[in-house]
Amino acid sequence: MHTADHPNVPQIMLPGQAAAAPGPLDMANMYLAHYGFRRDLGHLLTAIGRIRLDDRRRVSALREHHAWVLFVLHHHHTAEDEKIWPRLRERAPGAIGTIDALEAEHEACDHWIRESTEAFQAFDSGPSEQGRERLTTALRTLADTLGAHLAHEETDGIPLMMAHITPEEDAEMHKTIMKDYGLRKLVRLVGWTSAEVPADVEAQLRATAPRQLLMISNLAGRRYRRRTAYLWG
């Protein structure tokens with residue numbers, strides 16, 4: 001395992017991203033996921049703050065979208081817990097403190113994932129100002145807790161991956177993750193990750209993306225934009 005044998009790959013930089021460490025792994029998928037978590041938790045907070053309590057259909061649609069974001073987050077964190085951190089523990093014993101901290105941050109996020117899910121279910125069942133306040137607190141705390149973790153991962157975790165995981169291993173991990181989604185959810189994921197990406201980053205991604213992926217992205221992106229136009233109001 002020699003990551004130094006591979007050339008550095010150009011990395012993307014998205015709004016809110018704390019760092020873009022150089023190295024041989026293409027981290028675009030991870031950075032796009034991080035961007036999606038930050039973006040959509042912010043949108044959900046804004047939408048919940050503004051929504052009319054009698055707009056039951058939209059409340060339910062927002063709850064479903066929150067569940068989707070958490071579904072993606074679950075896969076994201078599970079892949080790290082099962083495939084990345086164990087490898088780094090073996091290969092980077094000097095960084096155990098960092099790895100322990102990153103894993104503990106997952107557990108801290110889990111509490112607010114559960115609380116925001118329960119708060120959203122309660123708000124959907126019977127919207128009230130008290131329920132809105134509870135849900136807003138849960139979403140804001142989840143956004144803050146997760147945001148701090150993502151920044152830590154970008155500054156300290158990804159450099160460890162660059163140094164100790166090869167592109168071949170990274171590609172194999174991505175294949176496994178994609179299989180777990182299934183085709184329908186994978187198409188939705190493509191639309192989600194490509195949403196609201198700045199023009200310069202979109203151009204950078206499109207310059208190297210396979211033609212088939214571009215076609216799926218165009219279709220899924222249009223469908224996703226129609227959906228979020230309704231969600232965010």
Side-chain angles (χ1 to χ4, degrees), residues 1-12 14 17 20-40 67-93 95-96 98-107 109-110 113 146 149-150 152-154 156-195 197 205-206 208-217 219-221 224:
M1 194 277 302
H2 299 287
T3 59
D5 294 342
H6 300 273
N8 286 354
V9 173
Q11 305 296 327
I12 60 173
L14 290 156
Q17 191 174 313
L25 309 183
D26 183 353
M27 303 305 297
N29 286 334
M30 180 170 282
Y31 291 139
L32 286 166
H34 286 193
Y35 177 62
F37 301 139
R38 290 172 169 126
R39 178 197 68 219
D40 282 15
W68 162 256
V69 173
L70 296 188
F71 172 81
V72 179
L73 180 60
H74 170 74
H75 277 267
H76 186 79
H77 279 181
T78 299
E80 292 171 349
D81 290 338
E82 294 182 354
K83 303 177 187 302
I84 295 176
W85 307 143
R87 235 170 222 164
L88 293 181
R89 283 184 179 281
E90 292 178 2
R91 299 175 183 178
I96 294 298
T98 296
I99 300 164
D100 284 345
L102 290 167
E103 288 187 328
E105 289 161 11
H106 280 192
E107 294 178 11
C109 290
D110 287 344
I113 287 169
L146 179 60
H149 166 67
L150 299 179
H152 189 192
E153 195 168 87
E154 289 159 359
D156 295 334
I158 289 175
L160 289 173
M161 295 174 61
M162 292 294 195
H164 299 286
I165 294 176
T166 67
E168 293 80 10
E169 290 170 332
D170 186 59
E172 190 59 37
M173 284 189 286
H174 278 296
K175 281 184 187 177
T176 302
I177 293 168
M178 293 304 101
K179 285 179 183 177
D180 290 342
Y181 272 88
L183 181 58
R184 186 173 180 179
K185 287 188 173 70
L186 188 56
V187 170
R188 184 175 182 180
L189 181 69
V190 171
W192 181 78
T193 55
S194 62
V197 172
L205 292 169
R206 284 180 170 275
T208 57
R211 184 178 177 183
Q212 185 178 19
L213 180 58
L214 288 175
M215 293 173 62
I216 295 172
S217 179
L219 176 63
Y224 185 85

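For clarity, every value in this text was computed on a predicted model and none was experimentally measured.
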Which atom pair, heavy atoms only, marks the closest approach of [X] to [Y]?
{"X": "Leu25", "Y": "Met162", "answer": "O-CE, 3.2 Å"}
{"X": "Leu213", "Y": "Ala209", "answer": "CD2-CB, 4.4 Å"}
{"X": "His152", "Y": "Ala101", "answer": "CE1-CB, 3.9 Å"}
{"X": "Leu102", "Y": "Gly157", "answer": "CD1-CA, 3.9 Å"}
{"X": "Ser194", "Y": "Gly221", "answer": "OG-CA, 4.4 Å"}
{"X": "Ala20", "Y": "Gln11", "answer": "CB-CB, 4.1 Å"}

- So, the side chain of Gln17 versus the backbone of Leu32: is there a donor-acceptor pair under 3.5 Å, distance only?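 Not confirmed, Gln17 side chain does not pair with Leu32 backbone.
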- Item | Arg39 side chain vs Ala195 backbone, donor-acceptor pair below 3.5 Å |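 Judged by distance alone, yes, a pair lies under 3.5 Å.
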- Query: Is there a side-chain contact (heavy atoms from CB on, under 4.5 Å) between His77 and Leu146 once you walk through the steps?
  - Reply: CA-CA 11 Å; His77 279 181; Leu146 179 60; 4.1 Å; yes
In Å, rounded to the nearest 0.5 Å, how long is the span from [atom1] of [X] to [atom2] of [Y]?
{"X": "Met161", "Y": "Asp170", "atom1": "CE", "atom2": "CG", "result": "5.5 Å"}
{"X": "Asp81", "Y": "His74", "atom1": "CG", "atom2": "NE2", "result": "9.5 Å"}
{"X": "His164", "Y": "Arg91", "atom1": "NE2", "atom2": "CZ", "result": "9.5 Å"}
{"X": "Thr98", "Y": "Asp156", "atom1": "OG1", "atom2": "CG", "result": "5.5 Å"}
{"X": "Thr78", "Y": "Ile177", "atom1": "OG1", "atom2": "CD1", "result": "9.5 Å"}

- Item | Within residues 22-37 or reaching into it, pairs that qualify as side-chain hydrogen bond (donor to acceptor under 3.5 Å, both in side chains) - sequence neighbours excluded |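 Qualifying pairs, neighbours excluded: His34-His76, His34-Glu153, His34-Glu154.
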- Please step through side-chain contact (heavy atoms from CB on, under 4.5 Å) for the pair Leu14 and Arg38, ending with a clear verdict. CA-CA 11 Å; Leu14 290 156; Arg38 290 172 169 126; over 6 Å; no
Within a strict 4.5 Å, meaning less than it, do heavy atoms of the [X] and [Y] side chains meet?
{"X": "Ile84", "Y": "Met173", "value": "yes"}
{"X": "Met30", "Y": "Glu80", "value": "yes"}
{"X": "Val9", "Y": "Met27", "value": "no"}
{"X": "Asp40", "Y": "Trp192", "value": "yes"}
{"X": "Lys185", "Y": "Leu189", "value": "no"}
{"X": "Leu73", "Y": "Leu70", "value": "yes"}

- Query: Would you call the rings of Trp85 and His106 parallel, tilted or perpendicular if under 30° counts as parallel and over 60° as perpendicular?
  - Reply: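 Tilted, since the angle between the ring planes falls between 30° and 60°.
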- Message: Applying side chain to side chain donor-acceptor pair (under 3.5 Å) to His75 and Asp180, what does each step give before you reach the verdict?
- Response: CA-CA 8 Å; His75 277 267; Asp180 290 342; 4.6 Å; no
- Query: side-chain contact (heavy atoms from CB on, under 4.5 Å) with Ile216: which residues, sequence neighbours excluded?
  - Reply: Val187, Val190, Gln212
- Among residues two or more places apart or on two chains, list those pairs meeting salt bridge (Lys or Arg N to Asp or Glu O under 4.0 Å) that have a residue in residues 67-77. none
- Evaluation steps, salt bridge (Lys or Arg N to Asp or Glu O under 4.0 Å), between Glu172 and Arg87: CA-CA 14 Å; Glu172 190 59 37; Arg87 235 170 222 164; over 6 Å; no
